[in-house]
Amino acid sequence: MTEHAGRAAPRAAQQPAVHEPAAQQPAGQRSAVLRDQVRPAPPEPLRRPVVDTHCHLDIRVGEDWLPVPDALAAAAAVGVTRVVQVGCDVASSRWSAQVAADHPAVRAAVALHPNETPGLVADGQLDAALQQIAALAALPQVAAVGETGLDLYRTPPEGLAAQEESLRAHAELARSVGKPLVVHDRDAHAEILRVLGDAAAPPTVVFHCFSGDAELARIVADNGWYLSFAGVVTFKNAQGLRDALAAVPLDRVLVETDAPFLTPTPFRGKPNASYLVPLTVRTMATVRGLSEEDMATALWDNAQRVFGPW
């Protein structure tokens with residue numbers, strides 16, 4: 001997730017967000033106010049279905065926020081028939097598991113976001129929080145452990161040890177429950193590879209919102225892991241990401257939104273949602289020299305293999 005309600009200060013980037021305190025939100029939900037709160041019109045539907053493998057349906061964007069049933073209906077109308085709802089702390093992970101239990105089109109991922117962990121360690125609450133995540137991870141509607149990882153952009157160096165401790169614990173949890181590990185990697189490529197190597201990563205690892213170059217992409221794929229591409233791959237200045245997408249076997253590739261952030265071109269800066277996935281899929285097809293249908297089929301098959309058929 002690019003932004004979330006937590007202790008770290010908001011970043012200055014292509015879609016800055018201002019979060020309301022968690023206490024003002026319904027349990028498990030958060031808010032982000034983007035500069036432009038007008039939702040884009042839906043794109044032309046895909047001719048074959050795909051899965052949005054990483055979104056945050058719990059994050060409200062102004063008054064134009066789509067409640068879960070509306071968000072799922074809008075996505076299904078353009079061929080995005082399944083979504084993975086991702087938690088970033090105990091409350092949002094619990095909310096994610098409940099939404100997945102209530103909606104057949106949803107599976108959940110549960111974890112503590114790396115930017116949450118330094119505060120939890122400082123308060124002596126990390127172990128208790130991890131125990132609650134472990135209980136959620138065992139639920140049948142929870143398909144993955146994530147998003148966990150390392151973030152050296154928003155967390156100062158003194159917070160790295162706490163993030164590493166949490167990542168190792170999540171990797172162990174993913175192995176114990178036999179589910180994929182979804183990794184947040186921001187400005188921490190070498191550190192992520194080191195920790196995953198030391199921690200004996202589970203067989204299935206997803207680099208959510210992949211942000212590395214072609215060399216890192218090949219390393220990830222050579223380990224049998226997956227690269228998930230968000231709307232950033234459509235940006236004019238993201239040739240390095242397109243090179244990474246072109247450099248790996250097709251069966252290692254996923255698509256996601258990270259909604260409500262990272263909205264694909266031509267709607268960069270507006271709220272993102274699962275119904276905008278077709279824009280990213282079409283760019284990915286062009287990069288790979290495939291038809292839209294073949295790209296969608298590969299993405300669907302890969303997502304079913306990672307998160308289980310549903």
Rounded at 0.5 Å granularity, tell me how far CD in Glu191 sits from CG in Asp185.
8.5 Å

Give every residue pair that meets the side-chain hydrogen bond (donor to acceptor under 3.5 Å, both in side chains) criterion with at least one member in residues 128-146, sequence neighbours excluded.
Arg94-Gln132

Residues forming a side chain to side chain donor-acceptor pair (under 3.5 Å) with Asp102, sequence neighbours excluded
Gln98

Residue pairs passing the side-chain hydrogen bond (donor to acceptor under 3.5 Å, both in side chains) test where at least one lies in residues 69-88, sequence neighbours excluded:
Asp58-Gln85, Gln85-Ser96

Leu57 side chain reached by Val83 side chain, heavy atoms, under 4.5 Å
yes

Validation row: Thr53, Val206 side chains within 4.5 angstrom (heavy atoms)
no

Aromatic ring pairing His208/His54, orientation class (parallel under 30°, perpendicular over 60°, tilted between):
parallel

Is the backbone of Phe207 close enough, under 3.5 Å, to the side chain of Trp225 for a donor and an acceptor to pair up by distance?
no

Give the minimum heavy-atom separation between Ala244 and Gly212, together with the two atoms involved.
CB-O, 4.0 Å

Heavy-atom pair with the smallest gap, counting every atom of Val233 and Thr283:
O-CG2, 3.8 Å

Can you name the closest pair of heavy atoms from Val38 and Pro271 and give their distance?
O-CD, 3.4 Å

Sub-4.5 Å side-chain heavy-atom contact between Leu72 and Val106:
yes

Kindly give the heavy-atom pair with the smallest separation between Leu299 and Met284, and that separation in Å.
CD2-CE, 3.9 Å

For Glu172, does the CD atom sit with more than 12 other heavy atoms under 6.0 Å from it, leaving out its own atoms?
no

With side chains defined as the heavy atoms from C-beta onward, is the minimum distance between Glu147 and Leu112 less than 4.5 Å?
no

Can a donor-acceptor pair be found, under 3.5 Å and without considering hydrogens, that links the side chain of Asp294 to the backbone of Leu290?
no

Looking only at atom types and distance, does a side-chain atom of Asp89 sit under 3.5 Å from a main-chain N or O of Ser92, one as donor and one as acceptor?
yes

Would you find a donor on one side and an acceptor on the other, under 3.5 Å apart, between the side chain of Arg218 and the backbone of Val248?
no

Within 45° cone and under 6.0 Å: Arg186 NZ/CZ vs Tyr153 ring
yes

Without swapping roles, check the side chain of Arg242 against the backbone of Phe235 for a donor-acceptor pair under 3.5 Å.
yes

Beyond-backbone contact of Glu165 with Val121, side-chain heavy atoms, under 4.5 angstrom:
yes

Could you report the tightest heavy-atom contact between Val86 and His56, atom names first, then the distance?
O-ND1, 3.0 Å

Do Leu167 and Glu164 come close enough that some side-chain heavy atom pair is under 4.5 Å?
no

By ring-ring contact (aromatic ring centres under 6.0 Å, His included), Phe210 pairs with (sequence neighbours left out) Phe229

Return the set of residues passing ring-ring contact (aromatic ring centres under 6.0 Å, His included) with Tyr226 (not counting sequence neighbours), or none when no residue passes.
none

Between Arg154 and Asn115, is there a donor-acceptor pair closer than 3.5 Å when you use the side chain of the first and the backbone of the second?
no

Do Val80 and Pro278 have side-chain heavy atoms sitting under 4.5 Å apart?
yes

Using atom types as modelled and distance alone, determine if a side-chain donor or acceptor of Ser166 lies under 3.5 Å from a backbone N or O of Ala162.
no

Val183 and side-chain contact (heavy atoms from CB on, under 4.5 Å): which partner among Val205, Val145, Leu150?
Val205

Validation row: Arg168, Asp198 side chains within 4.5 angstrom (heavy atoms)
yes

Using distance alone, with no hydrogens and no angle criterion, decide if Thr117 and Gln163 have a side-chain donor and acceptor under 3.5 Å apart.
no

Tell me whether Thr263 contacts the main-chain N or O of Asn272 through its side chain, where contact means a donor paired with an acceptor under 3.5 Å.
yes

Between Thr148 and Pro114, the two heavy atoms sitting closest are C-CD, 3.9 Å

Name each donor-acceptor pair under 3.5 Å that joins a side chain in residues 39-50 to protein atoms two or more places apart or in another chain, with its distance.
| unit_1 | atom_1 | unit_2 | atom_2 | d |
| --- | --- | --- | --- | --- |
| Arg39 | NE | Asp64 | O | 3.0 |
| Arg39 | NE | Asp64 | OD1 | 3.4 |
| Arg39 | NE | Asp64 | OD2 | 3.3 |
| Arg47 | NE | Glu293 | OE2 | 2.4 |
| Arg47 | NH2 | Glu293 | OE2 | 2.9 |
| Arg48 | NH1 | Thr297 | OG1 | 2.9 |

Between Ser93 and Val90 (side chain of the first, backbone of the second, donor and acceptor by atom type, cut-off under 3.5 Å), is there such a pair?
no

Heavy-atom donor-acceptor pair, Asp52 side chain to Thr257 backbone, under 3.5 Å
yes

List the steps and the verdict of side chain to side chain donor-acceptor pair (under 3.5 Å) for Thr234 and Thr280.
CA-CA 6 Å; Thr234 71; Thr280 305; 5.6 Å; no

